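Chain identifiers are assigned alphabetically (A, B, ...) following the order of the sequence lines, protein sequences preceding nucleic acid strands; residue numbering begins at 1 within each chain. A quick note: this is a predicted structure, and the numbers were derived from the prediction, not measured.
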Amino acid sequence: MATQRDKSHRPRRPAEPAGGAAATNQEISAVLQEYAELLAITGGQQFKVRVYDKAARAVGGCPTEVSGLDIKDLQAIPNVGKSIAGKISEYVATGTIGALEELRAKVPAGVRALTEIPTLGPKRALELYEELRVSSVAELEQAVRAEELRGLRGFGPKAEENILHGIELLKHAAGRVSLDAAMGLADRVVGHLAALDECGRCEYAGSLRRMRETIGDIDVLAASSDAEPLMDAFVSFAEAPEVIAHGPTKTSIRTTGGLQVDLRVVPPDAWGAALLYFTGSKPHNIRIREIAQRAGLKLSEYGLFDVETGDLVVSETEEDVYERLGLPWIPPTLREDRGEVEAARRGELPAVVTERDIRGDLHTHTNLTDGLASADDMVSAAASRGYRYYAITDHAPNLFMQRMSDDKILAQREQVRKLQARRPRMRLLHGTELNIDPDGDVDWPPEFLAGFDLCVASIHSHFTQPRDQLTRRLVRACENPYVDIIGHPTARLIGKRPPIDVDWDEVFAACARTGTAVEINSFPDRLDLPDTLITRARQRGVKFAVDTDAHAEVHLAFLRYGVGTAQRGWVTSDDVINTWPLKRLRAFLRHRASH
DNA sequence: GCCGTTTTCGGCCCGACTGTTTTCAGTCG
């Protein structure tokens, strides 16, 4: 992926008061990003804007906790110098930054929100504010519909159309956050509660446990015979300024990021039934309850009961409940009532791929192009995850902004060979992420491509071509014998850019025919392929590569989201080429090039 | 504001597309 600018899912939160939990890297990154955007809107020097933007990304990808660093160590972070280091430590110490507050005072928060609309950048957002006093997305929508933009220089009919379309996209994602933002928060809440003596088991449930691609609220479940201390600890959670409800079994807070978190405390012996109930999905629960009903049983969050006697049958674990209903345990990622109950009854539930099955990552970047870490650091991080193989796939020359050249990629290949000598236990593969151009061609000629161990090929531009052109474009990429994997196939950015319009059945048929794998990209704003298309591809016999597209060491951990998405598409480890032993993987890659 | 085997100043990823314009600014990747 090119420059990572995840505007739609960045937590929009005011600064946290000093004395709260230490600021996370994500939080500091978001504050620097906000500063960059406000500078851009207020007409700050563009180079300055860019440095804050780059510093924000570097902090977001920093493998250590930035809040614990002193001024000197802060300056070791790329693009963090004296001034930004000072601002970071000011934020860590006081919960805010004076300079940021000054900018906030100049520009209403809603004006910055306008730049979330695709095709609206800082310049035009400011113009709308200054000319029409528009200071929120809702006001902008009104202004467009009232035709108030008609008199403005530079805003024509197409601009109106693009703005309205962009607002629709935003509304669709409204109130939902990325899987990664939700997971981070849930982990912190669970950690906060699990530290208490009174707390038994504690887990997040709901759509997060099912790994849906966006999350509307977080459900946390805890087992305890003494709920009160948990509820008290929950409402005093540092990131929770607003308490929505505070009762003996259920408490709800709203975090500074605007996300609602519900905590439910159940007796330890009701754990399984409660976890099942609060994990959902609702349609899945209804199916399960129907099965119980037909067996003369009643299932609720408190347990599985005999209808006649009212006696508790089972409730302690999910496995107990499913078993008593004649079913094997069903992985949460499958619980969407998409046929999993029938499959379970027939004993045909797929053995879905797990994170442990993954032997290596086949799509990653370094700071040779737009990554944040060196090849050396990325390889070390990969090794510490226990990978058996690892591919470096930096961008190719046609993505002009990355300044790749033949010499640079060949020098990197030499470097990778040297790193290999120090890593006898992990096989390093030297690859590239090619750019699929509007005609379906890629960056280099066959003789140069033959020098790579593997090639990912992805679409990075011209997303709005007609359906037949986009389809032909992807089919042609598949037919290139050196293309092993189609990267982030739909090119969507969740809540920001819709998927490209393609005849997927035709593309998947081409993938199956040519033996080209399809990526399941783990980046939280991509999750591409999405689960429904994974199912269609799988049914055509297509193989997958579950990759992170990591641009920093910390991104390697995004793998869990890709694996979760693969599970939602019922993918088994045999369907995933990077679960295979190296020998089988190499044979797959060679097979492609020998065509 | 950051950075430097072109270091303490003068550069800074850069080309393409879009919609509007009548020669280009803004946005994007």
Give the nucleotide from the list [options] with an atom nearest to the side chain of [X].
{"X": "A:R124", "options": "B:dC2, B:dC28, B:dG26", "answer": "B:dG26"}
{"X": "A:P122", "options": "B:dG29, B:dT27, B:dC2", "answer": "B:dT27"}
{"X": "A:N162", "options": "B:dT27, B:dG1, B:dG19", "answer": "B:dG19"}
{"X": "A:V51", "options": "B:dG29, B:dC2, B:dT27", "answer": "B:dC2"}

Under a plain distance cut-off of 3.5 Å, with no hydrogens placed, do [Y] and [X] share a side-chain donor-acceptor pair?
{"X": "A:Y52", "Y": "A:E37", "answer": "no"}
{"X": "A:R560", "Y": "A:S522", "answer": "no"}
{"X": "A:D406", "Y": "A:W444", "answer": "yes"}

Rounded to whole angstroms, how far apart are [atom1] on [X] and [atom2] on [N]?
{"X": "A:K496", "N": "B:dT27", "atom1": "NZ", "atom2": "P", "value": "11 Å"}
{"X": "A:R497", "N": "B:dC28", "atom1": "CZ", "atom2": "C1'", "value": "9 Å"}
{"X": "A:H460", "N": "B:dC17", "atom1": "NE2", "atom2": "P", "value": "16 Å"}
{"X": "A:Q46", "N": "B:dG1", "atom1": "CD", "atom2": "P", "value": "15 Å"}
{"X": "A:H365", "N": "B:dC13", "atom1": "NE2", "atom2": "C1'", "value": "16 Å"}
{"X": "A:N435", "N": "B:dC17", "atom1": "CG", "atom2": "P", "value": "12 Å"}
{"X": "A:H462", "N": "B:dA16", "atom1": "NE2", "atom2": "P", "value": "9 Å"}
{"X": "A:I459", "N": "B:dG29", "atom1": "CD1", "atom2": "C1'", "value": "14 Å"}

Can you tell me if [X] touches the phosphate of [N], counting only side-chain N or O atoms and a distance under 4.0 Å to OP1 or OP2?
{"X": "A:K54", "N": "B:dC13", "answer": "yes"}
{"X": "A:R50", "N": "B:dC2", "answer": "no"}
{"X": "A:N79", "N": "B:dG1", "answer": "no"}
{"X": "A:S83", "N": "B:dG1", "answer": "yes"}

Indicate, with a heavy-atom threshold strictly under 4.0 Å, whether A:T119 touches base, sugar-phosphate, or nothing.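 Result for A:T119 = sugar-phosphate.
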Original post:
Applying the side-chain hydrogen bond (donor to acceptor under 3.5 Å, both in side chains) test to A:Q412, which of A:D394, A:D407, A:T369 qualifies?
Top reply: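 Single side-chain hydrogen bond (donor to acceptor under 3.5 Å, both in side chains) partner of A:Q412 among A:D394, A:D407, A:T369: A:D394.
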Considering only the [atom1] atoms, how many Å lie between [N] and [M], rounded to the nearest integer?
{"N": "B:dG11", "M": "B:dA16", "atom1": "P", "result": "23 Å"}
{"N": "B:dC13", "M": "B:dC3", "atom1": "C1'", "result": "15 Å"}
{"N": "B:dT21", "M": "B:dG26", "atom1": "P", "result": "13 Å"}
{"N": "B:dT23", "M": "B:dC17", "atom1": "P", "result": "22 Å"}
{"N": "B:dT6", "M": "B:dC12", "atom1": "P", "result": "15 Å"}
{"N": "B:dT8", "M": "B:dC2", "atom1": "C1'", "result": "12 Å"}
{"N": "B:dG15", "M": "B:dC9", "atom1": "C1'", "result": "27 Å"}
{"N": "B:dT5", "M": "B:dG1", "atom1": "P", "result": "23 Å"}

Q: Please list residues of residues 143-160 of chain A whose heavy atoms come under 4.0 Å from any atom in DNA chain B, ordered by number; otherwise none.
A: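 Nucleic-acid contacts, sorted: A:G154, A:F155, A:G156, A:P157, A:K158, A:A159.
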Can A:R497 be said to sit on top of A:F463's aromatic six-ring, NZ or CZ under 6.0 Å from centre and within 45° of the ring axis?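 Output yes; distance and angle both within limits.
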* Looking at A:F155, is A:R150 sitting on its ring face, NZ or CZ under 6.0 Å from the six-membered ring centre and within 45 degrees of the normal? ->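 Verdict for A:F155: no cation-pi partner in A:R150.
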> 5'-most contact on DNA chain B: A:P78 or A:P118, nearest heavy atom basis?
Replying inline: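 Nearest nucleotide further toward 5': that of A:P78.
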- Run the numbers on A:Y91 and A:E27 for side-chain hydrogen bond (donor to acceptor under 3.5 Å, both in side chains), then give the verdict. CA-CA 10 Å; A:Y91 183 77; A:E27 190 182 328; 2.7 Å; yes
Original post:
So, A:K87 and A:E90, do they make that salt bridge, N to O below 4.0 Å?
Top reply: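 No, this pair does not count.
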Between A:H462 and A:H460, is the ring centroid distance below 6.0 Å?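 No.
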Query raised in the report: Considering Watson-Crick and G-U wobble pairs with both distances under 3.5 Å, what does B:dT8 pair with?
Result: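 Its partner is none (no Watson-Crick or G-U wobble pair with both distances under 3.5 Å).
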